[in-house]
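All values derive from a computational prediction rather than experimental measurement.
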Amino acid sequence: MDTSQLLKGVLDLAVLAVLREEDGYGYDVVRRLRAAGLSEVGDASVYGTLRRLYHAGALTTYVVPSEEGPHRKYYSLNGTGRDLLRRSAKTWREFAGVLTELVDHATKEAA
Amino acid sequence: MSTTRATAHPAVATYVAAVRDELGDLPADELAEIAEDVRDHLDDVAAEYGDDVTIGVLIDRLGAPAAYAAELRAAAGLPQPEPEPSGERTGFIRRLVRFVVAFFGWSAVGLAALAFVDTVFELSGSPGTFAVPALISAVLAVAGALLLVIGRQDAVAELRRLPTAPLLAQVEEWVRSMPWGRPAIELVTSLRPAWWVARAVALGMITALVAGSVAFGMAVFLVATVASVWLGRRAAARQIRGPRLVAVQAVNAALAIGGLVVAGVAFEAATGSHVQYVDGGYDDPGFYDQEGAQVTNIFPYGADGALLENVRLYDQDGNPIDLGWQEDCYDGAYDEQSFTAANAWGDHVFPRLTVGVSPDGRCEQAMLDAPFGPQLPGPVTVPPGDPDALK
């Protein structure tokens with residue numbers, strides 16, 4: 001099954017979850033998502049998601065200038081973002097629970 | 001993280017330029033912001049590969065710029081670009097007009113630059129040499145551009161299809177990848193309000209020159225300043241879009257070029273004198289009148305109005321004054337041409353004799369040909385306070 005299709009629906013949740021731990025800039029968020037096991041996540045998708053969440057008011061940003069490397073625009077969860085994360089997480093758990101049960105049940109019957 | 005602004009790899013600039021081009025239908029400010037973020041991100045990605053990063057490496061890692069842009073667009077919820085109109089509407093004429101607009105647009109830029117250099121360094125002596133063709137090119141380019149965007153929902157997208165338009169994005173990316181690029185662009189952006197006033201000044205100057213009235217020009221300038229700042233703030237807030245934005249840009253271009261022309265004319269009027277002492281193509285300088293024609297002879301008349309002959313002319317240092325190198329008459333010259341023969345007393349002795357050319361192209365006998373004859377017409381006038389002048 002193509003995980004990139006699945007990822008599309010839950011990338012918002014994944015990004016919000018990563019930012020709950022610690023503020024991060026685009027490249028950093030991509031790296032943390034991949035380290036967590038979402039190896040197929042696309043750079044452009046993550047940046048686009050961050051941008052959309054920011055414009056939706058769920059994230060705030062601040063720029064950390066750097067002498068050596070590029071400027072870093074850090075994204076951080078605000079109240080709206082935490083609220084969104086809570087609701088999304090609830091939806092996800094219910095959905096995942098239903099689907100797991102369905103899949104396990106179907107597998108048992110098949111077995 | 002070893003990359004710095006100063007060593008940002010050209011591959012990053014190329015990739016960002018391509019992404020930027022894909023997203024060119026977005027409003028300029030939004031596009032600049034996205035390009036900035038993408039550039040920062042790519043700097044980090046490029047740093048993983050060190051000096052080995054090439055455009056190929058970036059494409060392997062991130063996908064083609066077009067795919068990257070599409071993915072970004074989808075994830076960020078950005079509007080999809082207006083599709084290229086169907087084939088029959090993108091006919092030969094439209095493509096020809098696009099080419100013409102690009103051609104005259106670049107011509108206008110090049111000629112305006114030449115006109116500027118020419119005016120500042122007074123190379124050709126007449127500011128219209130390049131300014132007039134620049135103006136004509138600009139007008140043609142703007143007219144063509146308006147023709148292209150009429151009836152188009154997305155005027156910016158239409159203009160992006162002009163030949164060489166992507167080149168501009170690449171130039172901007174190159175500038176941004178330089179260490180001085182960002183500060184320079186920020187400086188230019190911060191000068192926006194100055195530009196709002198400058199274009200009102202240009203309109204005022206053009207009006208003053210065309211109408212011949214400084215007061216009217218001032219009045220136009222004051223009204224235009226208010227309108228210009230209002231327009232500028234609306235444009236900066238992205239409240240002006242589509243064909244109206246293009247119309248504003250067209251007026252901008254016209255005012256910028258018109259202002260340069262007027263400034264050139266004013267500069268010329270302020271510094272130009274009636275007779276200029278300029279270097280000719282030969283070692284010997286000559287005198288030229290207001291029209292640029294060489295002064296070839298001098299006819300001195302005395303206080304009593306009688307033509308003086310064999311007058312020797314010297315300057316303040318005692319150097320003889322001649323009128324520069326002059327061509328001698330030669331057989332086969334046109335019969336309207338007229339030459340002078342050097343005075344036997346020397347080149348600084350006037351008047352010289354005039355040598356005409358006969359209808360069959362032969363040099364005629366040299367003769368004194370004073371414009372007013374041997375005596376100035378009209379009564380002899382005595383200068384006030386000098387009753388002895390005639391004695």
Take atom [atom1] in [X]; do more than 12 heavy atoms of anything else shown fall under 6.0 Å from it?
| X | atom1 | value |
| --- | --- | --- |
| A/F95 | CZ | no |
| A/R20 | CZ | no |
| B/F99 | CZ | no |
| B/R233 | CZ | no |
| A/Y54 | OH | no |

At a heavy-atom separation under 4.5 Å, does [X] approach chain A through its side chain, its backbone, both, or neither?
| X | value |
| --- | --- |
| B/V19 | neither |
| B/E48 | side chain |
| B/L42 | neither |

* **Contacting region of A/V30 [heavy-atom separation from chain B under 4.5 Å]** =>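 Contact with chain B involves the side chain of A/V30 alone.
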* Asked: Can you name the closest pair of heavy atoms from A/S45 and B/A75 and give their distance?
  ->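 Scanning both residues completely, I find the closest heavy atoms to be O-CB, 3.3 Å.
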* When rounded to the nearest 0.5 angstrom, what is the spacing between OH in A/Y25 and CG in B/D44? ->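 Reported value, rounded in 0.5 Å steps: 5.0 Å.
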* Between B/I34 and A/Y47, is any pair of side-chain heavy atoms under 4.5 Å apart? ->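 With C-beta onward as the side chain, the pair touches.
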* Are any of the side-chain nitrogens in B/D37 or A/K73 under 4.0 Å away from the carboxylate oxygens of its partner? ->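 So B/D37 pairs with A/K73 through a salt bridge.
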* All side-chain contact (heavy atoms from CB on, under 4.5 Å) counterparts of B/N252, not counting sequence neighbours ->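 B/N252 satisfies side-chain contact (heavy atoms from CB on, under 4.5 Å) with B/W195, B/R199, B/V248, B/Q249 once adjacent residues are dropped.
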